[in-house]
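Input: a single structure, listed below in structure tokens.
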Amino acid sequence: LVATMKMRGRLDNFYLDAHDLEIKESKVNITATRLMGCDLDIALQDTVVIDTTTSEPTTWQIAFANVQIGDSRIAFHTANDTISVCTVIENLDLKSGSFDLAKNVLQVAKLNLNADYIRYDQNYEPKVQGMDFNHLLLSGMELSLPSIDYDLNANHLKTTLSSLCFKEKCGFQLDQLSADVELDATGIVIDDALLKTPTSQFKAWADVDWTALVPREQGGAVVSAAQGKSSSGVSSSGRMDVKLSANFSKQDVMYFVGEGLPQSIREQYPDVMLTAEVDITGNVDKVDVKSFRVVMPNMVDATVRGGA
């Protein structure tokens, strides 16, 4: 990756305080890091200089604490500027953590981020009205992560998102996003997910085995109530359990699907809440709909139960 990367920029202030350096055992304890006034541009190149040198695997164990980044701009571009990402960080605080390069394990405790904006563009895609996922501009972002545990070799991620809020250029405003998430090669567990806007609310719980999404003839698993969970806590039974509860305002619905609706439907869409309650289990071969209800006052009140 380094061979394909070009970096340029400036740095006003950098401070690092490290103790307990043990070179023979490849250990270091970084007790404080401060980076201020950084303006960094990272670009991937479409040509690669082949590195013929040899080196031993990196086995360093790095403990860190009191990491602070402030008043900094960081930009990233893929080759030929097909994708670009840019952010202005007002303040990033990281309380403590560790990185084991031998085991490829990262642990972080308490990360807080305040960003003036984050811009994402797929520059080859045309811009559209409403929520444009190819051209996002998030302003006033605040992010809080009490914990992150990531094991690259095991493809295992466990994290708690306690708060995320921002405003998108189309007008959409996210007041709160929180959830406990555990993800590995076998599946994903989402607990107590909550999304709130000024006019809408969405709650979700999910325990999904990836094989539950694959038809049996393509290698999917057979549902078995007797099968348990993997050591990471993610279901390994070829089963999914999903519960959703949502109340969507007309304003938020229009942000996401309004441009895809005919003009006549957009004009006649009622200014009422769209309420949905969903509880399903099973897999793609056999879905058990415990409850599925969609309500729009004076318009729709539909309920579905059963298997498919």
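Since this is a predicted model, take the numbers as computed values, not measurements. Index from 1, following the sequence.
Using modelled atom types, one finds a donor on one side chain and an acceptor on the other under 3.5 Å when comparing Asp252 with Thr197.
Two different hydrophobic clusters hold Val295 and Val278 under the rule that ILVMFWY side chains link at heavy-atom gaps under 4.5 Å. Hydrophobic clustering of Ile, Leu, Val, Met, Phe, Trp and Tyr side chains at less than 4.5 Å, counting indirect connections, unites Phe99 with Ile23. No single ILVMFWY cluster, assembled from side-chain heavy atoms under 4.5 Å apart, contains both Met273 and Leu195.
Ring-plane geometry between Phe172 and Tyr255 is classed as perpendicular, the angle between the planes exceeding 60 degrees on a 0 to 90 degree scale with a lower cut at 30.
Salt-bridge check for Arg73 with Asp39: passed, with a basic side-chain N closer than 4.0 Å to an acidic carboxylate O. Salt bridge status for Arg10 with Asp12: present, with a side-chain N to carboxylate O gap under 4.0 Å. The residues Arg293 and Asp301 are annotated as salt-bridged, a charged nitrogen and a carboxylate oxygen being separated by less than 4.0 angstrom. Between Lys286 and Asp288 no salt bridge is recorded (no basic side-chain N to carboxylate O distance below 4.0 Å). Ion pairing between a basic and an acidic side chain is recognised when a charged N comes within 4.0 Å of a carboxylate O; Asp93 and Lys95 show no such pairing.
The number of heavy-atom neighbours closer than 6.0 Å to CZ of Phe292, taken from other residues, nucleotides and ligands shown, is 12 or below.
Partner of Tyr117 under the side chain to side chain contact (heavy atoms under 4.5 Å, CB included) criterion, out of Leu137, Thr87, Ile89: Leu137 alone.
Proximity of a side-chain donor or acceptor of Asp132 to a complementary backbone N or O of Val128 within less than 3.5 Å is detected.
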